[in-house]
Novice: 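The structure is given below, and queries will be raised subsequently.
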Amino acid sequence: MPLSWNEIKDRALAFSREWEHETSEDAEAKSFWDGFFNVFGITRRRIASFEHAVKKGDGKQGFIDLLWKGVLLVEHKSRGRDLDRAAKQATDYFPGLKERDLPQYVLVSDFARFRLYDLDSGEEHEFALADLYKNVRLFGFVAGYQSHAVKAEDPVNIKAAERMGKLHDQLKAIGYEGHHLEVYLVRLLFCLFADDTSIFEKSQFQDLIEQRTSEDGSDLADRLNSLFYNLNIPEEKRLKNLDEQIAAFPYVNGKLFAEQLPPASFDKAMRETLLDACAMDWSRISPAIFGSLFQSIMDAKARRNLGAHYTSEANILKLIKPLFLDDLRAEFDKIKTQVKKLVEFHQRIAKLVFFDPACGCGNFLVIAYRELRLLELDILRVLYKDSHTAQLDVSSMIYLDVDQFYGIEIEEFPAQIAQVALWLTDHQMNMQISEEFGQYFRRLPLKKSAQIVHGNALKIEWREACPNADYILGNPPFIGKKEQSNEQKSDLMLIFTGVKGCGVLDYVACWYIKSANYLSTARTTRVAFVATNSITQGEQVGLLWPELFKRNVKINFAHRTFQWSSEAKGKAAVHCVIIGFDLTDRQEKWLFEYETPKGDPHTLKVSQINPYLVQGIDITLPNRKQAIGTQAAIMEGSALIDDGHLIFSEEEAKIIKENYPVSTNWIKPLIWGDGFLNGMRRYCLWLKDANPSQIRSVQPVLDRLNLTANFRKSSNRAATNVLAATPNKFGEIRQPETNYLLIPKTSSERRKYAPIGFLSPDNIVNNTCLFIDGASTYHFGVLASFMHMAWLRSVGGRLKHDYRYSAGIVYNNFPWPEPNDKQRLAIEKAAQAVLDARANYPESTLADLYDPLTMPPDLLKAHQALDKAVDAAYGKASFKTEAERVAFLFERYQQITSLLPTERPKKTSKKPI
């Protein structure tokens, strides 16, 4: 157990006095360094060796004065010698060391002076022997105290995950797999952390492997089995003649080592992999890396099926700060000068209960616990600022513990990791408090643990898993309709019983309903989840949020769409939102808006937040069959239902026309969304009003019709079978008869404006597009404006990350302006200027013109002028943010729809658009 800092300072003073008058050139360096390590309560012989032989960079043999592998290299000189030369000599030894043995620190000395180099931070400290007692905290790594901050962005996190992933693969390759492998890895992870964080003595686990196992790895599994077994046995109950090195390990408990596992098997390469992992400084690793670790050792298919989007600490803080941490910090700042209230506050936060019902490897619980412990540390600093550390009992000062945290996880391995990660976080924070108050404190044997239930959160009664949660939080799995397994579809149908059309919802929506149900008997509980942004867009809003409103849910803070990042290898880019809600309608609500998904948020204080995550009353847009105003109707293009047999490439169309001139009037340009944007050309058979005798004279056309008929006959859909009788027609025909405005259903999220355009009726539009027959430049102007684009971004759905334009949600609910004649004319004039600017680049596609990196300045300027004209028609000069713009549109929507008669559902045989 590490000494207190006061004890270390006293020893440092005695050591300095003992050696301060040593002047002999032949002074006993070994005694000096044995004494130095004794200052920190460490037996040098156990961890470091003198005169370690090594080949230097020039190929010559050298001897390192003292080497603590992977930690410290010491070069010692006689009194008065050049320490710069000593430092250079120390680094000359590096090429001869294994990578895992390279030190983190270099210490040079001449009896009278010390110079310490921190090779990670680049810091350098020099002081006299007499001042050692003033600088002992620089040697926290010797004393057993954590002497550096744990950083989530530290590259060592990724390296650690990859090394353990390699060991996982090696063990799995020999047939050691499944539950046994998972438990084995969790135990190894605990030992690796323990080795560098003073749960074990420094490098105790690594020394056992290096010193007591064969290089070929043949006996390593037996050693580990013996260690694992004894870590679960109290010291006094272990065998009396137990191997000394194993007997020196502490009793851990906590059921981590309780299960008897079948022995694994190691070879030389596997032993090297484990030693490489041991050589890392695990005290630098955030336990939140366990999420990354889990992701790195899962294959891509498993990651997709589980919806496992593991997270960066920065993104986790985006959720926990507005959920509870900001309020607790504000309260602390308010009462920190009032001792009685501060003590009561300390007691209260120790009773808070946190519940993550999709906890994965525990990332959210780990970061929440760490932040609470940091708050507790600030409380202790205030309460005990005038106390002498020698009089304090650190163990009685710490109130918070891991049993305040609960979770549910469907997979066994991450459930185990979550529990261990919280233990390790607890220990790291105990080390920080030990460092702060100069007394070593660790909770061993483990007596309390987080309550992590292994099971399906959607089939478990949450009240049984966590009876009294103050906060529910987490990152439930994002799984869209197409990716859901049959079991997941069944889960969703169970949660949304009676909700018509709920099958299109993302799987994550289930956690929102389960939380709302929990709130019905826990009315003060607050909830915040990460979710795919699809539950705040398009048709999903109208399915999920009415159910939540029935349960009196109120949104009190939200992060609008941003890119959710992971620390793991092969991470997937996911666009997310964070929504905080409960049953209290708070006066102060906070909206976090992003200019770009990868940017930083700026905060808006608002009075209300609606399901589209803009300021506005609780409202959901219905899937309307007609527009709310008097605007022109929008329709979906025709559906071929032909398996591609009615479609021709440009070359195929040319050949048929040349060989059969009569077919010229039947083969028309086919317009589809991607082709319209990227200038691609295809043609189709449009046989409306064609002469049957002429059709029969063109054999290639007859062949295509025959193939279409056979395709339709073979379909499993009865409606498609019926269409086999008319293979010379599209399956569904919706073709404009005049010039029309085309709107592709899908457009890249990168574009500031979604490209739309006019076409003649000779261009056959398919069902990847929408169209407005007979549209004017006024319609083009409004729909091409930034005002309409902001509406699309907020209420439209998504196809992957791209905007998804719909008739029923986006167009038919859009609140058009009511311009006067002058304003309408201004819009038409500005709209024509946009069309004219496009015409200046006949060789460029719309994709070229609207790419933000290549958009011509004159086109951008024309759009900006159009935006001003449209804004003016709404009676607005400008908006500070897009959220403000959309909030205005929702107000306008409310004004319009409040005057509309109530819609009554009508029976129809036609498929809605």
Side-chain angles (χ1 to χ4, degrees), residues 318-331 334 471-473 512 515-516 519 523-531 533 535-537 540-542 544-562 576-595 600-622 628 786-787 790-795 813-815 817 871 874-899:
K318 288 179 181 178
L319 183 147
I320 68 173
K321 288 182 72 178
L323 177 63
F324 65 88
L325 191 58
D326 287 343
D327 287 347
L328 293 179
R329 280 285 176 186
E331 186 173 355
K334 185 177 179 181
Y471 300 98
I472 301 174
L473 69 165
Y512 282 74
S515 295
L519 293 176
R523 304 191 66 81
T524 60
T525 301
R526 298 187 186 185
V527 185
F529 286 135
V530 184
N533 60 3
I535 68 166
T536 64
Q537 299 163 343
Q540 293 197 42
V541 175
L544 170 61
W545 288 95
E547 295 301 308
L548 294 174
F549 293 152
K550 287 178 187 176
R551 294 161 172 83
N552 299 313
V553 161
K554 299 292 182 183
I555 301 174
N556 285 307
F557 75 86
H559 282 260
R560 301 192 77 206
T561 297
F562 66 98
C576 298
V577 294
I578 296 172
I579 305 173
F581 60 94
D582 53 65
L583 300 185
T584 303
D585 191 6
R586 306 185 189 283
Q587 290 187 346
E588 289 189 353
K589 302 176 192 288
W590 300 98
L591 197 57
F592 301 88
E593 187 174 18
Y594 297 76
E595 288 189 15
D600 294 322
H602 56 268
T603 309
L604 303 173
K605 183 180 176 181
V606 296
S607 58
Q608 288 180 301
I609 302 174
N610 73 19
Y612 301 93
L613 306 189
V614 296
Q615 181 170 352
I617 65 170
D618 291 338
I619 191 172
T620 59
L621 302 177
I628 59 175
F786 190 74
M787 185 71 87
W791 180 259
L792 168 60
R793 270 194 290 266
S794 290
V795 308
N813 284 300
F814 180 62
D871 285 356
Y874 281 100
K876 297 288 289 186
S878 64
F879 297 88
K880 293 180 181 178
T881 66
E882 183 166 315
E884 182 182 316
R885 181 181 292 273
V886 178
F888 168 81
L889 287 172
F890 270 103
E891 289 178 10
R892 170 84 180 135
Y893 172 86
Q894 278 293 105
Q895 293 168 1
I896 296 173
T897 56
S898 65
L899 303 175

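This chain uses plain numbering: 1 for the first residue, then up along the sequence.
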Novice: For the residue pair G542 and T620, what are the closest heavy atoms and their distance?
Specialist: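 Shortest heavy-atom separation between G542 and T620 comes out as CA-CB, 4.1 Å.
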Novice: Between T561 and R793, does a side chain to side chain contact (heavy atoms under 4.5 Å, CB included) hold up when you go through it step by step?
Specialist: CA-CA 10 Å; T561 297; R793 270 194 290 266; over 6 Å; no
Novice: Between S607 and Q615, does the side chain to side chain donor-acceptor pair (under 3.5 Å) criterion hold? Intermediate values first, please.
Specialist: CA-CA 7 Å; S607 58; Q615 181 170 352; 3.2 Å; yes
Novice: Please tell me if the side chains of Q894 and I619 come closer than 4.5 Å, counting only heavy atoms from C-beta onward.
Specialist: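 Q894 vs I619: side chains touch.
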Novice: Find out whether I555 and K589 are in side-chain contact, i.e. whether some heavy atom of one side chain is under 4.5 Å from a heavy atom of the other.
Specialist: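 They are not in side-chain contact.
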Novice: Less than 6.0 angstrom from the centroid, inside 45 degrees of the normal: does K876 satisfy that with respect to the ring of F888?
Specialist: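 Yes; both conditions hold, so K876 lies above the ring face of F888.
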Novice: Does the pair I472 and F529 meet the rule for a side chain to side chain contact (heavy atoms under 4.5 Å, CB included), with working shown?
Specialist: CA-CA 8 Å; I472 301 174; F529 286 135; 3.7 Å; yes
Novice: Between K550 and E547, does at least one N-O distance fall below 4.0 Å, as a salt bridge requires?
Specialist: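 Yes.
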Novice: Between Y512 and F581, does the ring centroid distance fall short of 6.0 Å?
Specialist: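 Ring-ring flag for Y512/F581: true, centres closer than 6.0 Å.
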Novice: Would you say that W545 contacts Q540 through its side chain, given a criterion of any heavy-atom pair below 4.5 Å between the two side chains?
Specialist: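 No - every pair of side-chain heavy atoms lies 4.5 Å or more apart.
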Novice: How far apart are the closest heavy atoms of P322 and L319, and which atoms are they?
Specialist: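 Closest pair (atom of P322, atom of L319, distance): CD-O, 3.4 Å.
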Novice: How long is the straight-line distance from NE2 of H602 back to NZ of K880, given to the nearest 0.5 Å?
Specialist: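 Going from NZ on K880 over to NE2 on H602, the span is 11.0 Å.
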Novice: Taking C-beta and beyond as the side chain, do K554 and R586 meet within less than 4.5 Å on heavy atoms?
Specialist: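 Answer no - side chains too far apart.
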Novice: For a 4.5 angstrom cut-off between non-hydrogen side-chain atoms, does V614 reach I609?
Specialist: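 V614 does not reach I609 side chain to side chain.
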Novice: Do K318 and F562 meet the cation-pi criteria used here (NZ or CZ under 6.0 Å from the six-membered ring centre, within 45° of the axis)?
Specialist: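 That pair qualifies as a cation-pi contact.
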Novice: Thinking salt bridges, do D327 and R526 make one under a 4.0 Å N-O criterion?
Specialist: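 So D327 pairs with R526 through a salt bridge.
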Novice: Taking only residues two or more places apart in sequence, or in another chain, which ones meet A883 in a side-chain contact (heavy atoms from CB on, under 4.5 Å)?
Specialist: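 Result, side-chain contact (heavy atoms from CB on, under 4.5 Å) vs A883: R560, L591, E593, L604, T881.
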Novice: Looking at D582 and R523, is there a salt bridge between them, counting it only when a charged N and a carboxylate O are closer than 4.0 Å?
Specialist: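 Between D582 and R523 there is no salt bridge, as every charged N stays at least 4.0 Å from the carboxylate O atoms.
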Novice: For the pair Y893 and F890, name the ring-plane relationship: parallel under 30°, tilted 30 to 60°, perpendicular over 60°.
Specialist: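 Geometry flag for F890 against Y893: perpendicular rings.
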